[in-house]
Amino acid sequence: MSFQNLLIENKGRIQYIIINRESKLNALNKDTLAELHTALSDAFCNSAVGGIIITGAGQKAFVAGADIAEFAGLDVAGGHALARHGHHSVFDFIENGNKPVVAAVNGFALGGGLELAMACHIRIASGNAKMGLPEVTLGLIPGYGGTQRLTQLVGKGKALEMIMTADMITAEEAHRLGLVNAVVGQEELLPKAEDLLNKILSRAPLAVAAAIKAINAGLHNDQDGYEIEIEEFGNCFGTEDFKEGVLAFLEKRKPAFKGI
Ligand code: COA
C-alpha cells in the first residue's frame, strides 16, 4: 500500500514507518494520523513483520506536533472527538500493539510528536533531538496521552514542570530523566534502533507480546496488572516457543522461536 504522508520500508523483519511531511516538520495532520493507523494495523497483522521503527523524514524533526493549522476551526465537541479518536486509532493502538515499536527520535519531538514517541515501547534519540509538550503556549493541554505517559516516564514533578512551562529539553536531559532509553549520534540513530529491535526479535514473540500486555495493564486503573501477569505467565507455558526455549537451553544452543 502507498501513502501520501508516510514512507514504508522493510529491512529484514523490521518495518520502518517514516512520517514524511518534511516541509511541515512532519506535523501530524488528520490524514497522516489516518495513514498511521492503517500502516500500523497492516504491520501488526503481517507475519513477515516482527517489529516497527517509527521515525521522521529529514534531519530536523521527528514530529513537531499535531498540525496546529487544523486546530483553528475546532469547538469543544471537535476537541473531544479529535483527542478521543487519536487515542484509540494511533496512540493507545501503538502502546497496546502485539509487536514492539521503537521510536527513533531524530530531531524535534514536540506536542503530539513527543506523545507519539511516548506511546512507543522504546525511544532512542539522536543528540540533536529536542523534546517538549508546548500545548499551553497555544491555550491547550496535551491531548494524545501526554499528561499520563510523561508522568509515568519522568514522574509527576518533572511532568508538571515540563507541561506547565512548555520548555523543551535536550536529548541528554531526556535520557537522564528516563524519557528516552539511549542517546546516540545522528548517524548511529537507526543502526542503534535496529540493533535493539533485532535483539528483541530474537526473543520469543508471544512472550514479548505478553510482557507488553502485562506491563501496560499495571498502568490502567481498571485492570489488575498482577492478575494479568499471572494469566500471561501461565499462558506462556502453552506455547511451542516455551518448549523450544527450555529445550534449547538444556541442549546448549540458540532457540529458534516461531511465534507459536
Ligand atoms: N503544525 C503545523 N505546522 C507546523 C508545525 C505544527 N505543529 N510545526 C512546524 N510547522 C510548520 C511551520 O508552520 C512551517 O511551515 P511554513 O514553512 O509553511 O511556514 C514549517 O513547519 C517549518 O517550521 P518553522 O517554524 O519555520 O521552523 P523553525 O525551525 O523556525 O522552528 C519549531 C521549529 C519546531 C520550534 C517550530 O516549528 C514550532 O514551534 N512548531 C510548533 C511546535 C508545537 O507547538 N507543537 C505542539 C503542537 S500541539
Side-chain angles (χ1 to χ4, degrees), residues 3-7 17-37 54-95 103-120 123 125-154 158-174 177 179-180 183 186 189:
F3 297 102
Q4 293 279 312
N5 303 306
L6 302 179
L7 296 172
I17 299 181
I18 303 164
I19 321 275
N20 188 31
R21 289 186 82 214
E22 207 178 330
S23 67
K24 297 289 178 190
L25 303 186
N26 304 319
L28 297 174
N29 63 0
K30 230 168 140 188
D31 290 348
T32 307
L33 287 167
E35 289 187 358
L36 262 174
H37 177 76
I54 299 182
T55 193
Q59 305 271 308
K60 190 169 168 183
F62 172 71
V63 168
D67 193 317
I68 298 168
E70 288 188 348
F71 288 166
L74 290 181
D75 58 9
V76 171
H80 286 154
L82 185 77
R84 195 173 300 285
H85 183 65
H87 273 254
H88 289 313
S89 66
V90 174
F91 298 82
D92 294 354
F93 193 59
I94 292 171
E95 184 171 76
V105 180
N106 57 320
F108 288 113
L110 302 174
L114 181 55
E115 290 173 302
L116 181 65
M118 291 193 294
C120 295
R123 285 151 294 285
S126 56
N128 68 324
K130 291 260 169 61
M131 282 158 257
L133 293 178
E135 285 85 350
V136 295
T137 66
L138 300 168
L140 295 170
I141 66 165
Y144 288 142
T147 61
Q148 306 305 300
R149 292 194 180 100
L150 187 63
T151 306
Q152 288 160 7
L153 286 164
V154 306
K158 194 67 196 178
L160 276 166
E161 182 189 329
M162 283 179 65
I163 291 171
M164 293 193 301
T165 62
D167 281 348
M168 285 187 222
I169 59 170
T170 62
E172 283 304 338
E173 184 167 10
L177 292 170
L179 180 53
V180 299
V183 179
Q186 219 163 6
L189 179 65

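In listed order, ligands and their atoms are each counted from 1. Side chains included, hydrogens not; waters and symmetry mates left out as well; all remaining heavy atoms used.
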Listed pairs under 3.5 Å, donor-acceptor, residues 159-171 side chains, sequence neighbours left out:
unit_1, atom_1, unit_2, atom_2, d
Glu161, OE2, Lys158, NZ, 3.3
Thr165, OG1, Glu161, O, 2.7
Thr165, OG1, Asp167, N, 3.1
Thr170, OG1, Glu173, N, 3.1

Handout entry: Sidechain N-carboxylate O distance under 4.0 Å for Lys60, Glu22
Key = no

Exercise for the section: Look at Arg21 together with Asp67 and state whether they make a salt bridge at an N to O cut-off of under 4.0 Å. Expected result: yes

Problem - Test item: Arg149 side-chain N/O and Glu115 main-chain N/O as donor-acceptor pair under 3.5 Å - result: no

Problem - Gln186 (side chain) donor-acceptor with Gln59 (main chain) under 3.5 angstrom - result: yes

At less than 3.5 Å, what protein N or O atoms come close to the N or O atoms of ligand 1? Include the distances to 0.1 Å.
unit_1, atom_1, unit_2, atom_2, d
ligand 1, 1 (N), Ala66, O, 3.4
ligand 1, 1 (N), Ile68, N, 3.0
ligand 1, 7 (N), Ala64, O, 3.1
ligand 1, 7 (N), Ala66, O, 2.9
ligand 1, 15 (O), Lys24, NZ, 3.4
ligand 1, 18 (O), Lys24, NZ, 2.5
ligand 1, 21 (O), Ser23, O, 3.4
ligand 1, 29 (O), Lys60, NZ, 2.5
ligand 1, 45 (N), Ala64, O, 3.0

Problem - Ring centroid separation His37 to Phe93 under 6.0 Å - result: yes

